[in-house]
Amino acid sequence: MKSWAEQLNNWRARHISDKVFIITLALMVGFFAAVAAYVLHSTINLIVRLLTGSFDTETFNFLYLLYPVVGIYLTSLFVRYIVKDNISHGITRILYSISSNKSRLKVHNCWSSVIASAITIGFGGSVGAEAPIVLTGSAIGSNLGKIFHLDSKTLMTLVGCGAAGAIAGIFKAPIAGLVFTLEVLMIDLTMASLLPILVSCVTATCFTYIFLGNSALFSFHLDNDWMVERAPATILLGIACGLISLYFIRTMNKCEDMFARFHDKQYVKLIIGGSILSLLIFLFPSLYGEGYHAINLLLNGRTQADWDMIMQNSMFAGHSSMLVVYLALVLLTKVFATSATNGGGGCGGTFAPSLFIGCFGGFLFARVWNMYELGIYLPEKNFALLGMAGVMSGVMHAPLTGVFLIAEITSGYNLFVPLIIVSIAAYLTIIIFEPHSIYGMRLAKQGKLITHHTDHAVLTLMSLNSVIDHDYTAIDPDMELGSIVHKISRSKTSILPVCDAAGNLLGEIDLTKIRHIVFRTELYHHFQAKQLMTEPKAILRDSDDMTSVMKTFDNSHADFLPVLDAESHLKGYISRQRLYGMYRKMVADMSQE
């Protein structure tokens, strides 16, 4: 008897066209992504109000030393005993699923990241909720597609719909959601993918307005229009944002490597990460949680008293002269707080931290510029906004996402030109040092990063195991020619591998090279396999990436090449014809609208 999913899929195939069905799924994905964003942010805000609502704003609070450790510990217990899977690096996990797992994400990713990040951030974890929601939205799209047995190309589109819908829903920024998917997830812009992603973005945005009303995540009022005389300072800010991005990426990676040494010692990671995070939040309460409250203070302040509010709950409170020092210290320590949160066992992303650091960096740049009168006056709140776009562009290698996201979430379209200048300058600065984004650099090292380069994307998506022919006819080195001829008659290829008893490849017999003796029966007992075998033109390893495999075939001009495992045992053969046939088919599929 067919399952309900099969019955539903059969009914759908009879009554609904593929295009209409994908649009319908995109709408559903956008709705669920908006729900996930609303639930997560509402839960975080509720936890924060319960824990810190009664704090005295004029002095420091010792509970800041306790809450983050509790949050990380509860999250680690949830992940270890309930999820039982690694849910960190949400956006990197999406990229990996696209490149190596046919866009298939696990079912628990539809809810596990929401719960884990809500606990982490609500208790003070200095990370963002965006990456967990993006992972959630992508997982919803992937699993909806799996229910209806959709192909991997359509699954990739639905994964993109989930990511785009999540960004659009979080920030009420549909264009930013679309651009994020194109720049960060490397989903190609074709008519087959554009319309579903747009539908998901608009749906998520509309439902977020229904849930939250017209209020924006960040409020901003433009007091000073941009002038062309500020272009040099704007370019310098972009360069500074690129260098800040470099500091953020490099420091984050080093901290993660340090925590990775204790991968089997969860309590050691908890003690180290929790201690660092708690101490930093105690000294700089602005590091508590996502930090959006601090961003809004810098974006909406009009007087020195307004901006001094950012130092509330700290030992710096009441000391206006220390604002620059406070901002600089927070900027430098944010990356350590974020690393300590995730390294200690918490769950969250780097999306919000990049916005946070960018805002502080932009404001600090303008404040120092004005203090020392380095040139024309710079509106500090405007440059805080520009800094957000700059650092985001640098960290994510996504200048268009930085431009449109900041413009949409703040209605700051009057600053469109300087946003573009800062984002481009930051991106051009960071790529000198780091060719890949913070999300893609781990996969790039493994050769598993999808890019907009069609040839590279196809080779990344191809699986080595999918082109290996495991049905080969191996022969013993002592086998006589007569028996070899019998084996040849049963073989599907012109190559016979010669292996020892352990399965190690000793050589191979090429039928085209022994044609002059295979029909001479009088020689059948005079030759053995070890006398007729030759070295393969090249050898492949099962750990090789497809780019290397292609290069090896091109250089060797071989029709068949053996594949060995880590112990040098023969796994099978790859046929040039089969390899190139699959490659051409995938290129054609990716080129279709």
Side-chain angles (χ1 to χ4, degrees), residues 34-57 60-83 87-88 90 108-137 166 169-171 208 211-212 215 217-218 269-270 273-282 284-297 312-314 334 337-353 355-356:
V35 171
Y38 173 73
V39 169
L40 179 52
H41 278 293
S42 298
T43 305
I44 290 172
N45 292 332
L46 175 62
I47 296 174
V48 171
R49 285 197 303 270
L50 291 175
L51 296 180
T52 66
S54 60
F55 278 7
D56 183 359
T57 60
F60 49 84
N61 294 273
F62 286 103
L63 286 176
Y64 279 135
L65 294 171
L66 176 63
Y67 288 158
V69 179
V70 173
I72 292 177
Y73 181 62
L74 292 177
T75 303
S76 62
L77 291 178
F78 171 76
V79 172
R80 181 188 298 180
Y81 295 108
I82 298 180
V83 179
I87 57 175
S88 62
H108 73 73
N109 289 132
C110 297
W111 53 269
S112 57
S113 295
V114 171
I115 297 175
S117 59
I119 297 172
T120 299
I121 299 171
F123 277 82
S126 196
V127 288
E130 292 74 23
I133 299 177
V134 170
L135 177 58
T136 299
I170 295 167
F171 297 108
T208 302
F211 297 148
L212 299 175
S215 61
L217 188 61
F218 302 119
K269 295 199 304 184
L270 172 64
S275 299
I276 294 173
L277 178 62
S278 296
L279 180 60
L280 290 176
I281 291 177
F282 175 74
F284 312 107
S286 300
L287 298 175
Y288 191 99
E290 295 172 292
Y292 287 163
H293 176 68
I295 292 176
N296 275 311
L297 286 177
Q312 287 181 345
N313 296 116
S314 75
K334 176 66 174 179
T338 300
S339 301
T341 302
N342 285 329
C347 177
T350 56
F351 203 108
L355 290 175
F356 181 93

From CA spacing to verdict: side chain to side chain contact (heavy atoms under 4.5 Å, CB included), Ser117, Val127:
CA-CA 9 Å; Ser117 59; Val127 288; over 6 Å; no
If you define the side chain from C-beta out and look only at heavy atoms, does anything of Glu290 sit under 4.5 Å from Ile295?
no
Would you mind reporting whether Lys334 and Ser126 have side-chain heavy atoms less than 4.5 Å apart?
yes
Close side-chain approach of Leu355 and Phe171, heavy atoms under 4.5 Å
yes
Check whether any side-chain heavy atom of His293 lies under 4.5 Å from a side-chain heavy atom of Asn296, and answer yes or no.
no
Would you say the side-chain atoms of Asn342 pair up with the backbone N or O of Gly349, donor to acceptor, closer than 3.5 Å?
no
Look at the aromatic rings of Tyr38 and Phe211 and report parallel, tilted or perpendicular, splitting at 30° and 60°.
tilted
CD1 of Ile47 to OG of Ser42: how many Å apart, nearest 0.5 Å?
11.0 Å
Nearest heavy atoms of Gly291 and Phe356, plus distance in Å
O-CD1, 3.6 Å
Point-to-point distance, once rounded to the nearest 0.5 Å, from OG of Ser76 to CG of Leu74
7.5 Å
How close do Ser112 and Phe78 get, counting heavy atoms only, and between which atoms?
O-CE2, 3.5 Å
With rounding to the nearest 0.5 angstrom, report the CZ to CD1 distance, Phe123 to Ile281.
12.5 Å
Residues Thr120, Thr75; criterion side-chain hydrogen bond (donor to acceptor under 3.5 Å, both in side chains); working and verdict
CA-CA 6 Å; Thr120 299; Thr75 303; 2.8 Å; yes
With side chains defined as the heavy atoms from C-beta onward, is the minimum distance between Ile72 and Lys269 less than 4.5 Å?
no
Using 0.5 Å steps for rounding, measure from the CG atom of Leu280 to the CG atom of Leu287.
6.0 Å
Do other residues, nucleotides or ligands put more than 12 heavy atoms under 6.0 Å from Tyr73 OH?
no
Check: Ile82 and His108 side chains under 4.5 Å, non-hydrogen atoms:
no
Are the side chains of Cys347 and Val79 in contact, using a 4.5 Å heavy-atom criterion?
no
Might you point out which heavy atoms bring Pro132 and Gly128 nearest each other, and give the distance in Å?
CD-O, 3.6 Å
Check the pair Tyr288 / Leu51 against side chain to side chain contact (heavy atoms under 4.5 Å, CB included), numbers first and verdict last.
CA-CA 12 Å; Tyr288 191 99; Leu51 296 180; 3.8 Å; yes
Could you pull out the closest heavy-atom pair between Ala37 and Ile170, with the gap in Å?
CB-CG1, 3.9 Å
So which atom in Thr341 and which in Gly125 form the shortest heavy-atom distance, rounded to 0.1 Å?
CG2-CA, 3.7 Å
Heavy-atom closest pair, residues Val69 and Gly274
CG2-O, 3.6 Å
